[in-house]
Protein chains: 2
Amino acid sequence: MTMDTRETIMAIARKMVQTRGYNGLSFRELAKEVGIKSASIHYHFPTKGDLGAALAKRYTEDGLSYLQGLRMESDDPAVWVRGYTEIFRMALVNDNRMCLCGIMAAEYDDLPPEVRKEVDGFTDLNVQWLADVLSVCQSQLDNEQRQRHALAIYAAVEGAQLIARGRGDITVYDRTIETYRVAGLLP
Amino acid sequence: MTMDTRETIMAIARKMVQTRGYNGLSFRELAKEVGIKSASIHYHFPTKGDLGAALAKRYTEDGLSYLQGLRMESDDPAVWVRGYTEIFRMALVNDNRMCLCGIMAAEYDDLPPEVRKEVDGFTDLNVQWLADVLSVCQSQLDNEQRQRHALAIYAAVEGAQLIARGRGDITVYDRTIETYRVAGLLP
DNA sequence: ACCTGAACACCGTTCAAGT
DNA sequence: ACCTGAACACCGTTCAAGT
């Protein structure tokens with residue numbers, strides 16, 4: 001089982017960005033971990049923006065597969081939502097990392113346009129999936145209300161991860177999610 | 001009305017960090033805006049960490065004054081909470097900026113210890129103030145439940161700002177906050 | 001007391017040159 | 001096809017030198 005250089009770069013870079021952000025990603029540091037020179041990174045990804053956009057695109061695709069899988073494995077909306085908050089939880093459990101697009105959202109003003117586009121796409125995917133779930137379990141809501149509620153859930157979960165990551169305490173995340181559930185923000 | 005150099009540096013740097021983050025802050029760019037050389041910034045703030053910590057400390061102090069003022073001007077918890085969400089709204093209205101400590105929380109792993117300490121202090125202040133408000137309007141909750149609920153509110157509001165800032169759309173923030181209120185997360 | 005130019009090791013990027 | 005060394009303009013930081 002070998003991995004081509006491009007995939008190795010993406011795998012290592014994704015972890016670095018999830019930890020230190022887009023601005024915190026260094027081509028020289030990345031190259032050292034991959035075992036090539038920093039100039040060689042540019043052969044695979046001409047600019048840092050190209051790499052950032054590729055990372056966010058892949059991250060969104062992987063997220064979509066996971067979320068689609070969730071809906072196939074169960075018929076219970078409560079299980080879907082629990083699976084949803086579990087993805088964000090796992091990032092924290094794995095070396096206190098953040099959602100790739102959550103951390104890059106904070107750097108939005110510094111992002112090249114091609115990266116912004118993919119970060120926006122990740123948000124759209126999350127809101128769309130959550131709105132679909134709400135159409136099953138909160139069918140009394142109209143479409144606009146579902147979109148609004150889905151966006152609120154996404155924002156709240158990203159916020160919970162952001163604060164818990166600063167605290168370095170997974171129980172902060174768990175308690176916050178539980179509070180959202182009790183309040184009725186999460187179905 | 002003159003302003004000494006140190007205060008000028010802090011005022012301009014605060015805006016820069018609220019827009020581009022701690023990593024995005026450049027001493028050379030900052031110096032150019034202030035009208036001195038970048039080496040001179042180091043006279044007032046020996047390291048970037050010293051500047052970042054001073055900014056977060058001042059930001060927390062200013063936030064505290066504002067929040068204390070809110071509680072004195074009214075007896076209505078609903079007005080207090082509305083005033084609370086309004087601070088975060090104003091940052092967005094002012095050039096789509098973020099909460100200084102919210103944006104730095106995303107860069108937590110890159111922050112020097114002295115900056116982390118002040119960012120943590122900002123979180124503590126927010127949670128404490130919110131818990132105090134809850135002790136007035138949700139007095140049936142015990143202390144631990146209030147702390148937990150206060151943290152959830154803070155996380156959700158930071159998340160709403162993060163997502164709305166990426167969208168560049170203030171109505172996203174307004175709708176998300178309103179959804180929190182309807183769901184019962186906000187008192 | 002406050003500022004500066006020059007140097008240092010870093011950064012992303014480019015490009016001619018290697019295999 | 002893939003990689004590299006060297007150069008460029010950037011970065012935070014240091015420090016001897018200026019007023």
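Chain letters run A, B, ... following the sequence lines, proteins first, then strands; residues in each count from 1. When reading the values below, keep in mind they use all heavy atoms of this one structure, side chains included, and skip hydrogens, waters and symmetry mates.
To the nearest 0.5 Å, the span separating CG on A/Asp110 from OH on A/Tyr22 amounts to 9.0 Å. Rounded to the nearest 0.5 angstrom, B/Met10 CE and B/Leu55 CG are separated by 5.0 Å.
B/Ser40 has a side-chain polar atom (N or O) that falls below the 4.0 Å cut-off from OP1 or OP2 of C/dT4.
Residues B/Arg58 and B/Glu7 meet the side-chain proximity criterion, which asks for heavy atoms closer than 4.5 Å.
Nucleotide D/dC10 forms no Watson-Crick or G-U wobble pair with any nucleotide shown, as no partner meets the under 3.5 Å limit on both distances. In a base pair of the Watson-Crick type (N1 to N3 plus N6-O4 or O6-N4) or a G-U wobble (N1-O2 and O6-N3), with each distance short of 3.5 Å, D/dG5 is matched with C/dC15.
For A/Gln138 and A/Gln140, the side-chain atoms include at least one donor-acceptor pair closer than 3.5 Å. A donor-acceptor contact closer than 3.5 angstrom links the side chains of B/Asp50 and B/Thr47. Side-chain N/O atoms of A/Asp169 and A/Thr171 include a donor and acceptor closer than 3.5 Å. Side-chain polar atoms of B/Ser135 and B/Asp132 form no donor-acceptor pair below 3.5 angstrom. Using modelled atom types and a 3.5 Å distance limit, the side chains of A/Asn96 and B/Tyr108 yield no donor-acceptor pair.
A salt bridge does not link B/Glu86 with B/Arg82: none of the charged nitrogens is closer than 4.0 Å to a carboxylate oxygen. Checked for salt-bridge contact, B/Asp95 and B/Arg97 meet the test: a charged N lies under 4.0 Å from a carboxylate O.
When the P atom of D/dC11 is taken as reference, atom CG of B/Asp110 falls 17 Å away, rounded to whole Å. A/His42 places its NE2 atom 7 Å from the P atom of C/dG12, with the value rounded to the nearest Å. Rounded to an integer number of Å, the gap from CD1 of B/Ile36 to P of D/dG12 is 13 Å. Straight-line distance from the CD1 atom of B/Ile41 to the P atom of C/dG5: 14 Å, rounded to whole Å. In this structure, CE of B/Met16 is placed 10 Å from P of D/dC11, rounded to the nearest angstrom.
Smallest separation of non-hydrogen atoms from B/Arg116 and B/Asp109: NH2-O, 3.4 Å.
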Interface polar pairs with nucleotides 17-19 of chain C, N/O, under 3.5 angstrom:
none

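Contacts between residues 20-34 of chain B and DNA chain D, counted as heavy-atom distances below 4.0 Å, involve B/Leu25, B/Ser26, B/Phe27, B/Arg28. Taking every heavy atom of residues 43-55 of chain A and every atom of DNA chain D, pairs under 4.0 Å involve A/Tyr43, A/His44, by number.
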